[in-house]
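Take a look at the structure set out below.
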Amino acid sequence: MRTAAVIGTGLIGTSAALALTRRGISVYLEDADQDAARTAASLGAGTTELPDGPVDLAIIAVPPALVGKVLADCQRRGLARTYTDVASVKAGPRGEIAALGLDTVRYIGSHPMAGRERSGPLAATADLFEGRPWVLTPTADTDTETLNAALELVALCGAMPIVMDAADHDRAVALVSHAPQLLSSLVAARLEHAEETAVRLSGQGVRDVTRIAASNPAMWIDILSANAGVVADVLDDLATDLAETVTALRALQGADEDGRRAGAAGIEAVMRRGNTGQARIPGKHGAPPTRYETVTVVLGDQPGELGRLFGEVGALGVNIEDVTIEHSTGQQVGHVQLAVAPTVVRTLAAGLRDRGWGVRD
């Protein structure tokens with residue numbers, strides 16, 4: 001691949017363009033919002049000039065409802081030799097493309113499983129897709145050249161290709177992305193009118209659950225509109241589980257001993273199911289989940305402290321598998337939770353204490 005066009009310079013489109021230009025690909029940018037295209041160009045994502053002839057690949061980075069219309073325009077203009085879209089829903093756009101009678105030999109649907117709470121070109125990064133799954137949804141019509149172009153795009157962006165049927169993809173993202181987004185928003189919405197004293201007690205647990213509630217509502221309406229029925233099915237099942245959990249909680253505070261035991265069993269069952277489900281989430285680099293233990297270090301809120309901590313952990317020969325920072329309310333300190341292999345917990349804790357760090361038991 002030597003040339004590419006990106007139509008839609010939001011977070012995903014601009015990030016793909018940045019990744020490609022970093023690899024020496026000439027990228028041509030288009031957007032209905034000229035300011036967005038110019039902003040992406042100013043970041044080094046490509047040029048807003050028109051290409052001299054067909055590019056090798058056109059990447060359509062627009063909301064799902066617009067994919068068919070934009071692809072039709074691109075094919076009419078002969079913009080590229082091959083085409084893909086990066087919308088987060090696949091079955092709906094595919095159906096519209098078929099209904100419009102567009103060329104499906106040189107088109108393949110795709111979806112990079114990456115994103116941020118922020119949107120727009122200014123939120124884009126060249127490494128957004130590094131190590132992330134990138135779903136490809138070829139059909140019987142898709143020719144080898146088109147599939148290879150999409151695979152090259154995934155490789156240039158540092159992602160991992162996964163081939164799926166479009167409908168299977170939509171059911172999967174409803175479960176692991178779209179429904180969780182709504183659940184995060186629902187939990188965060190409970191805080192809207194909560195007492196200030198209650199909100200000030202917020203710890204890392206509620207921060208983790210509500211992190212993605214900061215996402216752009218307009219963007220999510222576009223996504224959910226294209227996958228509404230499947231997401232509703234997931235939420236229907238969750239509603240059943242929630243109703244059973246509410247019943248169990250009511251029983252826990254009842255006067256009947258048998259009822260309380262049944263309530264406790266119900267809560268334990270749903271939490272154990274949660275344990276099992278959470279354990280199925282892939283670990284680092286897509287490997288099987290690995291159990292880590294946490295060493296919590298008290299960190300002052302001064303410049304360079306986190307870097308100094310990481311340096312001393314490295315000097316102790318310990319690899320940090322994950323890190324979480326929880327800031328204390330009303331104090332200029334934070335708690336850094338270092339996830340490490342269980343075999344090095346004692347060595348790390350003792351070594352940090354010897355170096356003057358406060359390690360919480």
Side-chain angles (χ1 to χ4, degrees), residues 64 88-92 111 113-117 133 135 164 167-283 289 291 294 322 324 326 329 337:
S88 57
V89 178
K90 303 273 51 102
H111 177 207
M113 298 296 295
R116 304 179 65 184
E117 296 80 53
V135 178
M164 295 182 70
D168 290 343
H169 163 274
D170 290 356
R171 285 190 292 270
V173 295
L175 178 64
V176 303
S177 176
H178 301 170
Q181 172 63 52
L182 286 173
L183 291 171
S184 177
S185 295
L186 286 167
V187 173
R190 294 294 89 206
L191 304 176
E192 182 180 13
H193 301 297
E195 294 290 338
E196 183 62 27
T197 51
V199 176
R200 287 177 63 82
L201 296 178
S202 297
Q204 196 57 43
V206 74
R207 294 179 195 278
D208 288 344
V209 171
T210 60
R211 178 182 61 81
I212 58 176
S215 298
N216 184 334
M219 178 190 74
W220 272 99
I221 289 172
D222 287 334
I223 294 170
L224 293 169
S225 295
N227 208 28
V230 186
V231 177
D233 290 342
V234 175
L235 293 181
D236 266 342
D237 292 340
L238 279 166
T240 299
D241 285 346
L242 185 59
E244 292 174 354
T245 303
V246 169
T247 299
L249 287 169
R250 299 296 186 201
L252 272 177
Q253 67 175 172
D256 179 65
E257 182 66 26
D258 289 339
R260 290 198 298 272
R261 280 197 293 268
I267 298 301
E268 182 180 6
V270 74
M271 296 195 72
R272 289 193 181 280
R273 286 172 57 203
N275 291 158
T276 302
Q278 195 276 337
R280 294 191 64 195
I281 298 174
R291 186 179 67 86
T294 299
D322 202 355
T324 303
E326 182 176 355
T329 302
Q337 298 173 338

Is the backbone N or O of A91 less than 3.5 Å from a side-chain atom of D170, with the two atoms forming a donor-acceptor pair by type?
yes
List the atom pairs, with distances to 0.1 Å, where a side-chain N or O of residues 188-195 and a protein N or O form a donor-acceptor pair under 3.5 Å, not counting sequence neighbours.
none

I need the minimum non-hydrogen distance between A226 and V89, along with the two atoms involved.
O-CG1, 3.3 Å
Closest heavy-atom pair and its distance - V231, A174:
CG2-CB, 3.9 Å
Do S225 side-chain atoms and D222 backbone N/O form a donor-acceptor pair below 3.5 Å?
no
To the nearest 0.5 Å, how far apart are CG in N227 and CG in L224?
8.0 Å
Distance in Å, D237 CG paired with L242 CG, rounded so as to fall on 0.5 Å steps
12.5 Å
Would you please name every residue forming a side-chain hydrogen bond (donor to acceptor under 3.5 Å, both in side chains) with T324, sequence neighbours left out?
none
My understanding is that only residues two or more places apart in sequence, or in another chain, count here; which of them pass salt bridge (Lys or Arg N to Asp or Glu O under 4.0 Å) with R273?
D241
From CG (L183) to OG1 (T210), nearest 0.5 Å:
12.5 Å
Residue pair I212 / S215: nearest heavy atoms and the distance that separates them:
O-OG, 2.8 Å
Are the side chain of S184 and the backbone N or O of P180 linked by a donor-acceptor pair below 3.5 Å?
no
Partners passing side-chain hydrogen bond (donor to acceptor under 3.5 Å, both in side chains) against Q337 (at least two apart in sequence or in another chain)
none
Look up atom NE2 in H111 and atom CE in M113, then write down how far apart they are to the nearest 0.5 Å.
5.0 Å
At what distance, to the nearest 0.5 angstrom, does CG of L235 lie from CG of L182?
6.0 Å
Among residues two or more places apart or on two chains, list those pairs meeting ring-ring contact (aromatic ring centres under 6.0 Å, His included) that have a residue in residues 219-252.
H178-W220
Which residue pairs satisfy the salt bridge (Lys or Arg N to Asp or Glu O under 4.0 Å) criterion with at least one member in residues 242-267, sequence neighbours excluded?
E257-R260, E257-R261, D258-R261
Less than 4.5 Å apart, any side-chain heavy atom of R207 and any of R211?
no
Roughly how far, to the nearest 0.5 Å, is the OG1 atom of T276 from the CE atom of M271?
12.0 Å
Would D322 and T294 satisfy side-chain contact (heavy atoms from CB on, under 4.5 Å), going step by step from the backbone distance to the final call?
CA-CA 9 Å; D322 202 355; T294 299; over 6 Å; no
